[in-house]
Amino acid sequence: MLIKAELEKLVKKALEGAAAKEGWSLSKEIKVPIERPRESRWGDFASPLAMQLASQLRMPPRKIAEAIAGQIPDVDFLEKITVEGPGYLNFILAPVWLAGQVEEILAQGEAYGNIDIGRGKRVQVEFVSANPTGPLTVGSGRNAVIGDTLANALAAAGYEVQREYYINDAGSQMRLFAETLYARYAQALGRDEPVPEKGYRGQYMVDLGREIAEEEGERFLRLPKEEAIQAVGEIGLRKMLAWIKDDLEAIGIRYDNWFSERSLYQDGLFEKVLELLRKKGFITEKEGAVWFASTELGESKDNVLIRRTGEPTYFASDIAYHYDKFFRRGFDWVIDVWGADHQGHVPRMKAMMKALGLDPARLSIVIYQLVTLKRGGKEVRLSKRTGEIITLRELVDEVGSDAVRFFLLARSPDSHMDFDLDLATQRSSENPVYYIQYAHARICSIFRHAGDLDYSDGDVQLLRHPREMELLRQLVRLPEVIEIVVAQLAPHHIAYYAQELANAFHLFYRDCRVVSSYPEDREITKARLKLVKATQIILAKVLGLMGVSAPERM
RNA sequence: GCCCCCGUAGCUCAAUUGGAUAGAGCGGCGGACUUCGGAUCCGCUGGUUGGGGGUUCGAGUCCCCCCGGGGGUACCA
């Protein structure tokens, strides 16, 4: 249950009641703000509504707050409502209700915390979609973790989610990749074949060329060069995709669909969408190229769709691709996760939505800032083409999937991220992820210690210790956390919540003996075992949302 | 030049999108429990939120100017 939403409804009704009673004339549609106060002495929830209304009603905010508070009916989850400070309404959760949530969690299991703001709407999260021309970088890893965690949160919020990887298997970068690879293949067979001017310089291309030479022999050298480049490129593409897939699986990411850019051309969709735009009058031709007339939609400039050479731009592919997402596959909402180096592409995409007659709000683009790698206190520059790469795989091999996922997740997408390789690889035990996992392992240990003690008839209403209450307050926050992650498309909130939950548990553990051997403690032992079980369920769920394992032992 | 993101404790970052006395982790210093895991816990240390104006009951958050970092500004992706 989303208490916040319940409170919003309650306060709104109370406001209407107070307005009727006091004769206030309110402007229509007042949004009732409900927030989490900074300090616990201000209760569990608060609303600054009265302060917002003060000037409009020309009344002291405290008076308004009191009038509203007087109209709020008794509900099971609230202990009391107070008016504090300049005119805040403060809400305090009822201990009976909080303790009762333990039974709720035990009954619902890992479904606890799920909400239904999605109402089964179909949403697609497209993420990573790195060019299959090289291994995934740490930056791709950030993309992967943001996308996958968002997808998990959306599913928990009641959306039907599809994860998709868009394969850029057409276009100029692919061409360059094939040419480079052909050169490396030929070189591996002793030919003097130069790598293209702007080709991919990494060692991995040398290795890949040699691998193909070993597997395929000299047969491609006997083909006309153009055909050979095609053929070697195809093999390379397959190998590269397998490699990418493998690297993503190493951090627990699997896709529902891999979508080929090339398929947009093969089945004629590209032509069809271009024709559609032409009919709608969004196509102009000038300087030998075909343009998308985005200036007509408020854009600062037009964008090329088909170059003078006849080759489509990737923007053109993207239009057809998104047409496919919305019209052919019928997604209600599409979320694309892109690095900051693609931010300039966003306004074009929004213009495209309008041109296709779609509400731009149905396309969300999450832009995350780039990752700066540091080693020995100085920056490591990355480039696939020049070849100096710190791959995602190298990092995962050194520090493990759990730590990598948590570290890449625990920052707002808007935040530039410094990744200190020395810190990550040498001092990984300082990573807060272990703190969270430790809480889970510790719980498992408690149950091992409790053995087969039957606590099923434990009375959760015995739970009233301050540490127990604090833990309960954290447990019931989960639905709100899921909501905010989806509302803001900001999955880092899960990481913070996980730490706070683990902290509440560790404090409880220190101050409250769970399994006691004294006979007089029998009932509280059973009640606490229920609380601990509930905590285990929520911890495991939250770790699962982050794609981090929940170990029984560490 | 123009557009986007950022600037918060020694370091890495939060701050419920305008709310109450700006919080965590790490580092540093000092402590804790003779039964459930010390990868834990507690305390201390630490701030003119880059600077300056403004908007209002109220600003880290919004507006303007300046400083600094990153990204974009291609018939690359």
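Below, chain A is the first sequence line, B the second, and so on; all start at residue 1. Please read these numbers as outputs of a predicted model, since none were measured by experiment.
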Listed partners of A:H345 passing ring pair (Phe, Tyr, Trp, His ring centres under 6.0 Å), at least two apart: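 Partners of A:H345 under the ring pair (Phe, Tyr, Trp, His ring centres under 6.0 Å) test: A:Y314, A:F315, A:W338.
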Residue list, ring pair (Phe, Tyr, Trp, His ring centres under 6.0 Å) with A:Y368, at least two apart or on another chain: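 Residues passing ring pair (Phe, Tyr, Trp, His ring centres under 6.0 Å) with A:Y368: none at all.
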Nearest atoms (heavy-atom pairs only) where A:L545 meets A:T149: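 Shortest heavy-atom contact: O-CG2, 3.4 Å.
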Name the nucleic acid region contacted by [X], choosing base, sugar-phosphate or nothing; use a 4.0 angstrom heavy-atom cut-off, strictly under.
X	result
A:L507	sugar-phosphate
A:A46	base
A:D318	nothing
A:A487	nothing
A:E500	nothing
A:A54	nothing
A:Q52	base

Among residues at least two apart in sequence or on other chains, which ones pass side-chain contact (heavy atoms from CB on, under 4.5 Å) with [X]?
X	value
A:Q52	A:P33, A:P48
A:Y323	A:L269, A:K272, A:V273, A:L276, A:F327, A:L356
A:M353	A:F326, A:L358, A:P360, A:R362, A:L363
A:H416	A:Q369

Partner set under salt bridge (Lys or Arg N to Asp or Glu O under 4.0 Å) for A:R348, not counting sequence neighbours: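 With neighbours one apart ignored, the set is empty.
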What interatomic distance, in whole Å, is found between [atom1] of [M] and the corresponding atom of [N]?
N	M	atom1	answer
B:A9	B:G25	C1'	12 Å
B:G7	B:U21	C1'	24 Å
B:U40	B:G58	C1'	40 Å
B:A14	B:G51	C1'	23 Å
B:G60	B:G52	C1'	16 Å
B:C29	B:C3	P	49 Å
B:C62	B:U17	C1'	11 Å
B:A22	B:U49	C1'	8 Å

Chi-based syn or anti call at B:U8, which uses purine or pyrimidine torsion atoms and a 90° bound: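 Anti, since the glycosidic angle lies more than 90° from 0.
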Residue pair A:Y321 / A:E164, side-chain donor-acceptor N/O under 3.5 Å: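 Judged by distance alone, the side chains do pair up.
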Side-chain H-bond candidate by donor/acceptor type, A:D336 with A:H322, under 3.5 Å: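 On atom types as modelled, these side chains qualify, holding a pair under 3.5 Å.
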Pair up each side-chain donor or acceptor in residues 505-515 of chain A with any protein partner under 3.5 Å, not counting sequence neighbours, and list the distances.
from   : atom 1 : to     : atom 2 : distance (Å)
A:H506 : ND1    : A:R442 : NH1    : 3.0
A:H506 : NE2    : A:Y435 : O      : 3.4
A:D511 : OD2    : A:R467 : NE     : 2.7
A:D511 : OD2    : A:R467 : NH2    : 3.4
A:R513 : NE     : A:V515 : O      : 2.8
A:R513 : NH2    : A:V515 : O      : 3.0

Distances under 3.5 Å only, N/O to N/O: pair up the protein atoms with those of nucleotides 45-47 of chain B.
none

Residue A:K301, side-chain atoms from C-beta onward, closest of B:U73, B:A77, B:G38: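 So the side chain of A:K301 is nearest to B:U73.
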Nucleotide of B:G72, B:G37, B:U16 approaching A:S445 most closely (side-chain heavy atoms):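 Out of B:G72, B:G37, B:U16, the nucleotide with an atom closest to A:S445's side chain is B:G37.
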Interface residues of residues 508-524 of chain A with RNA chain B (non-hydrogen, below 4.0 angstrom):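 Per residue number, the list reads A:Y509, A:R510, A:C512, A:R513, A:V514, A:V515, A:S517, A:Y518.
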Short side-chain N/O contact from A:R442 to OP1 or OP2 of B:G38, under 4.0 Å: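 For A:R442, the contact criterion (side-chain N or O under 4.0 Å from OP1 or OP2 of B:G38) is met.
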Under 4.0 Å protein heavy-atom contact, by nucleotide of nucleotides 3-14 of chain B - B base, S sugar-phosphate only: -BBS-----SSS
A:R262: partners by side chain to side chain donor-acceptor pair (under 3.5 Å), with sequence neighbours left out: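 Counting only residues at least two positions away or on another chain, A:R262 forms a side chain to side chain donor-acceptor pair (under 3.5 Å) with A:E234.
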